[in-house]
Q: 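The structure is given below, and queries will be raised subsequently.
This one's a predicted model, so the numbers in the text were calculated from it and none came from an experiment. All chains are named by letter (A, B, ...) in the order of the sequence lines, taking the proteins before the strands, and each is independently numbered beginning at 1.
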Amino acid sequence: MPATQQKWLTASADRLSIVTLDALTAVYDRASGQTHLLAQPLPEILAALQSGPANAAQIAARLTADFDIADSADVPARVSECLGELLAMGLVSMR
Amino acid sequence: MMVSNLAKTREMRDSKARVPNNMENPMMDDKQLTPESLVGDSLSAPTPGHSAARRRVLMVGAAGVAAAVTVRPAFAQTAASVFNCEIPVPEPVSSGQLIALDGTLVPAGTQGAFPGSTRPFTGEEVRAALQGRSLPGTTAEQGSAYMNYIRRLRAGQSGFTCYASIQVPR
Amino acid sequence: MNAVNNLVAALRDPASVAALDGDGWSGLISVARAEVLLGTLAHRVADQALPPAVAALLNAARIAADQAQVHALWEAEMCARALAPLGVRFVLLKGTAYAAAGLPCAAGRQIGDLDILVPRDRLDEVEAALLGAGWEWVKDDPYDQAYYRQHMHELPPLIHGTRDRMIDVHHTILPLTARVAPDAAAMLADSSPLKGGGLYVLSPADMTIHCAAHLIADGDLAGGLRNLWDFHCLLSTFGDDAFWPALKQRAAHHQLWPATHRAARIAHHLFGTPIPLGWQGWHLSDRLFIRRLTARDGWGRETRPLTRLAFTIRAHMLRMPPLMLAKHLWAKWRTR
Amino acid sequence: MSHMHHMRVGPVRFRVASHWAGPIAELRRLYADYPALSGEAATATARIEAARPWRRWVRPAVHIGGDYTIPDALPLPLSQGLLAAEMAMNLQVALGWRQHLLLHASSVERGGRAIIMVGASGSGKSTLAAQLGEGLGEGDWRLLGDEFAMLGLDDGQLSPFPRLISLKNEAIAAMERLVPAARLGPAITGTPKGTIRHLVPRADAIARMDERATPALLLFPTFGGEPGLRPVAPSEAFMRLTDSSTNYVALGEAGFAALTKLVRDVPAVAIGYASGEQGMAAVEALWADLRP
């Protein structure tokens with residue numbers, strides 16, 4: 001698990017083509033040529049990073065400001081975990 | 001039958017049209033994420049019913065649950081059947097015999113031969129093995145005996161159709 | 001003219017395709033596919049007047065080749081991220097290097113595996129980092145593993161578990177058993193970074209020499225037309241008054257001047273590659289190489305079985321001394 | 001090579017060559033009504049040749065090849081030469097075609113709008129399309145294709161690709177009673193998929209092979225499955241279609257754009273059915289229910 005104070009940044013918006021299908025979002029990454037299907041909260045995390053690099057706690061704060069989180073007490077921990085998944089796909093990187 | 005099914009379709013289609021962006025996150029109790037687990041449950045997931053709320057609801061999901069799947073190349077014409085079919089090694093009628101390194105069936109007690117696999121291999125495992133990976137749960141020599149057995153399959157033997165269907169390169 | 005000669009002519013002089021009729025095009029397309037040069041051909045003749053069905057086919061081939069390069073470059077990027085913590089310099093080789101450096105020979109070129117060169121004394125760390133980042137052995141067979149480690153110029157091939165792409169990690173550019181021993185350390189030392197990232201490519205001379213070594217001094221020349229086209233493009237891109245003597249000197253240092261010189265003569269002959277006057281001329285055996293490189297019929301099938309067999313035997317002899325070869329073939333035969 | 005036939009099927013211009021006269025003669029008979037290339041270039045070359053040189057004469061074994069080849073494929077006996085030729089042609093399209101998004105699907109058209117049927121082999125999609133294309137249903141359907149649906153990358157239109165239909169096992173007898181022998185290939189027994197008999201599509205499918213259609217319904221049929229209907233979410237349809245496409249990844253963003261548009265624009269339904277009649281009735285009912 002990456003350190004919690006680690007800052008994350010996402011791919012620039014023009015690198016990704018994002019199509020909301022239903023509960024899932026299809027993302028085409030022009031840099032990797034890969035297609036990903038993302039469930040909540042991954043598209044929301046990518047969107048939250050558009051306003052600038054942030055660590056997991058800051059991302060959690062941005063999400064909590066925009067949404068009612070319905071199912072988790074420890075949002076930063078879950079966000080960290082999701083960032084790991086996005087990192088493996090190359091959709092976010094660590095600074 | 002048709003009438004009731006059609007009614008059901010209409011109802012489902014309408015409900016699909018109503019599905020809001022805050023549709024509940026797919027529930028998965030398995031770390032392994034498959035297209036089916038990702039989307040199958042989402043169909044039956046109940047729609048949260050708080051229309052009065054202005055703020056959107058976000059489900060971040062439980063710890064350890066994967067939330068993404070990446071599309072991989074699927075080259076087989078019969079892509080779907082590849083993932084479903086199975087190849088027993090050896091076929092049930094030959095159980096009790098051993099498999100020699102060259103894939104032939106030999107009597108029990110033969111030196112250097114291996115007992116059959118306790119479970120059939122899936123088309124996907126065999127396809128991966130054809131590309132050079134090892135068959136799961138086998139040693140190198142055992143795996144190569146099993147693969148030689150599979151290569152020798154002929155029409156009519158169990159597993160042949162499956163083997164034939166994965167004969168398309170990725 | 002036969003189909004493979006049509007392919008050579010089309011690459012050399014794109015306007016030559018104006019003379020092709022339907023059958024000529026059918027053969028050209030099949031041969032270009034067989035030699036994995038369809039994307040290259042598509043880029044090369046993009047500005048020519050083409051029959052509509054051919055234009056549509058080649059247009060799609062161009063887009064697909066460009067997309068394949070996106071995948072190849074992404075794999076290089078993923079490798080860079082996996083190796084970043086080591087701080088080791090790794091150098092891209094072959095197709096991925098051409099594409100990353102934006103060289104003309106990359107246009108439409110098919111790229112298969114990711115080939116990288118790393119310092120031999122960092123090989124274990126690189127191996128561990130890749131295995132830790134999702135790559136897996138393609139062959140677990142202990143003989144193959146031992147064989148690669150003792151005699152080859154690369155690790156046994158690795159494949160990424162979820163991206164299904166192979167990587168070849170080289171520590172030099174020819175097998176350790178080969179008769180010539182290029183100076184891999186000098187190649188690494190003279191490699192240069194590409195702008196915008198931690199990716200390195202070989203110096204122009206070393207890149208050219210490696211291409212010639214890959215074509216002439218290693219392997220049986222199967223698919224060699226594509227390597228020769230790479231070589232032609234590299235010479236056409238880098239060739240100037242300062243480059244030629246530097247190339248010759250550097251090739252001699254790597255014990256690869258004969259291979260480089262031969263590749264230059266053949267490229268000059270087939271593709272009209274500009275090379276210094278003093279390098280031109282003709283060796284009797286060059287003819288055999290050309291016969292091997294053009295051994296295809298209008299259906300894309302391999303022809304000239306005896307020539308091909310001769311080059312297969314030659315490839316084995318280049319790679320290892322006879323006794324060792326016999327042992328190797330025996331070991332492979334037993335585990336067949 | 002000594003024997004050869006060429007023909008156009010939709011956008012694909014084939015040339016097929018063989019060492020043997022037999023399979024080519026069968027192709028020539030079955031593809032007689034398809035346009036010849038008449039001096040045009042072939043864009044796909046299929047070859048069916050001897051697996052080893054002596055296998056031309058001794059226990060003849062047919063290797064499936066062409067521009068794209070399967071290295072590890074089992075050769076077929078010469079008695080299955082027509083099947084080998086058809087497989088070789090399919091292989092060229094599956095691995096070489098880049099001008100459309102290819103879906104392993106059958107498709108039918110009515111009034112300019114099309115149903116795309118996707119499923120594993122054995123799902124009955126092929127038989128269902130063949131039955132509709134033969135006019136056995138209520139409506140006047142035209143067969144677009146049995147093996148591949150070709151989706152336009154720019155406009156999302158479906159290009160017909162009316163190859164021979166390969167009828168399998170139980171589907172054969174039913175069709176033999178309905179169509180003249182001239183439209184049927186030889187019964188090929190002992191293949192990996194049982195007995196196969198090829199059917200030439202109805203004349204309208206061939207004559208109108210350049211008339212494209214707009215996708216209107218995505219259908220995921222399961223023959224012998226629990227009878228009934230289940231709407232399929234766009235994301236599930238998307239995943240299943242990428243899984244049944246041989247060139248989705250190779251096409252990059254153009255494929256992504258075409259496929260996301262398809263699953264967003266077109267409703268998708270999974271159906272289970274126990275008989276051909278039930279399947280066709282389900283299709284007709286769904287079709288009637290679609291608002292144009």
Side-chain angles (χ1 to χ4, degrees), chain C residues 3 6 10 17 20-39 41-42 45 50-75 108 110-111 162-165 222 296-303 305, chain D residues 1-4 6 8 10-19 35-50 52-53 63 65-69 88 91-93 95-102 150 152-154 159 210 246-257:
Chain C
N6 284 337
V17 299
L20 295 174
D21 61 5
D23 285 346
W25 271 112
S26 303
L28 175 56
I29 290 166
S30 286
V31 169
R33 280 181 169 145
E35 294 290 337
V36 203
L37 278 165
L38 190 71
L41 174 71
V45 302
L50 304 171
V54 173
L57 176 89
L58 294 183
N59 187 47
R62 229 169 6 250
I63 293 168
D66 295 349
Q67 182 62 27
Q69 292 203 354
V70 168
H71 290 132
L73 290 175
W74 181 252
E75 204 55 24
Q110 143 93 25
I111 303 171
T162 57
R163 291 191 304 275
D164 295 327
R165 305 271 312 192
R296 290 239 181 240
D297 69 8
W299 293 95
R301 293 180 302 176
E302 293 192 301
T303 55
Chain D
M1 297 197 25
S2 18
H3 306 279
M4 147 67 153
H6 52 75
R8 181 167 71 81
V12 187
R13 290 157 169 83
F14 286 104
R15 59 173 182 162
V16 189
S18 178
H19 285 132
L37 294 191
S38 57
E40 283 180 302
T43 49
T45 294
R47 303 192 310 256
I48 44 171
E49 37 197 352
R52 296 273 181 276
H63 178 74
D67 291 345
Y68 300 90
T69 304
L91 186 68
Q92 303 317 311
V93 175
L95 300 185
W97 194 254
R98 296 286 183 264
Q99 297 178 43
H100 299 82
L101 181 67
L102 283 179
M150 296 184 152
L153 294 171
D154 297 331
S159 285
D210 296 326
T246 56
N247 67 1
Y248 172 78
V249 171
L251 292 172
E253 191 168 7
F256 176 83

Q: Enter the distance from C:Ile63:CD1 to D:Gln99:CD here, rounded to the nearest 0.5 Å.
A: 9.5 Å
Q: In the structure I gave you, are the side-chain heavy atoms of D:Val249 and C:His71 within less than 4.5 Å of one another anywhere?
A: yes
Q: Output the distance between atom CG (D:Asp67) and atom CG (C:Leu38), rounded to the nearest 0.5 Å.
A: 8.5 Å
Q: Most heavy-atom pairs under 4.5 angstrom with chain C, which of D:Arg47, D:Arg15, D:Glu40?
A: D:Arg15
Q: Please, which pairs that meet salt bridge (Lys or Arg N to Asp or Glu O under 4.0 Å) have at least one residue in residues 51-63 of chain C, sequence neighbours excluded?
A: none
Q: Nearest heavy-atom pair of D:Ala42 and C:Ser26: which atoms, and what distance?
A: N-OG, 2.8 Å
Q: Which bit of C:Ala64 comes within less than 4.5 Å of chain D, counting heavy atoms only: side chain, backbone, both or neither?
A: both
Q: Can you find a pair of side-chain heavy atoms, one from C:Trp299 and one from D:Glu49, that are under 4.5 Å apart?
A: no
Q: What parts of residues 27-35 of chain C touch chain D if we use heavy atoms and a cut-off under 4.5 Å?
A: C:Gly27, C:Ile29, C:Ser30, C:Arg33
Q: Indicate the atoms forming the closest heavy-atom contact of D:Thr43 with C:Ala53, along with that distance.
A: CG2-O, 4.1 Å
Q: Which distance, rounded to the nearest 0.5 Å, do you find between the CH2 of C:Trp25 and the CZ of D:Arg13?
A: 14.0 Å
Q: Among C:Ala56, C:Pro52, C:Pro51, C:Gly300, which residue forms the greatest number of heavy-atom pairs with chain D at distances under 4.5 Å?
A: C:Ala56
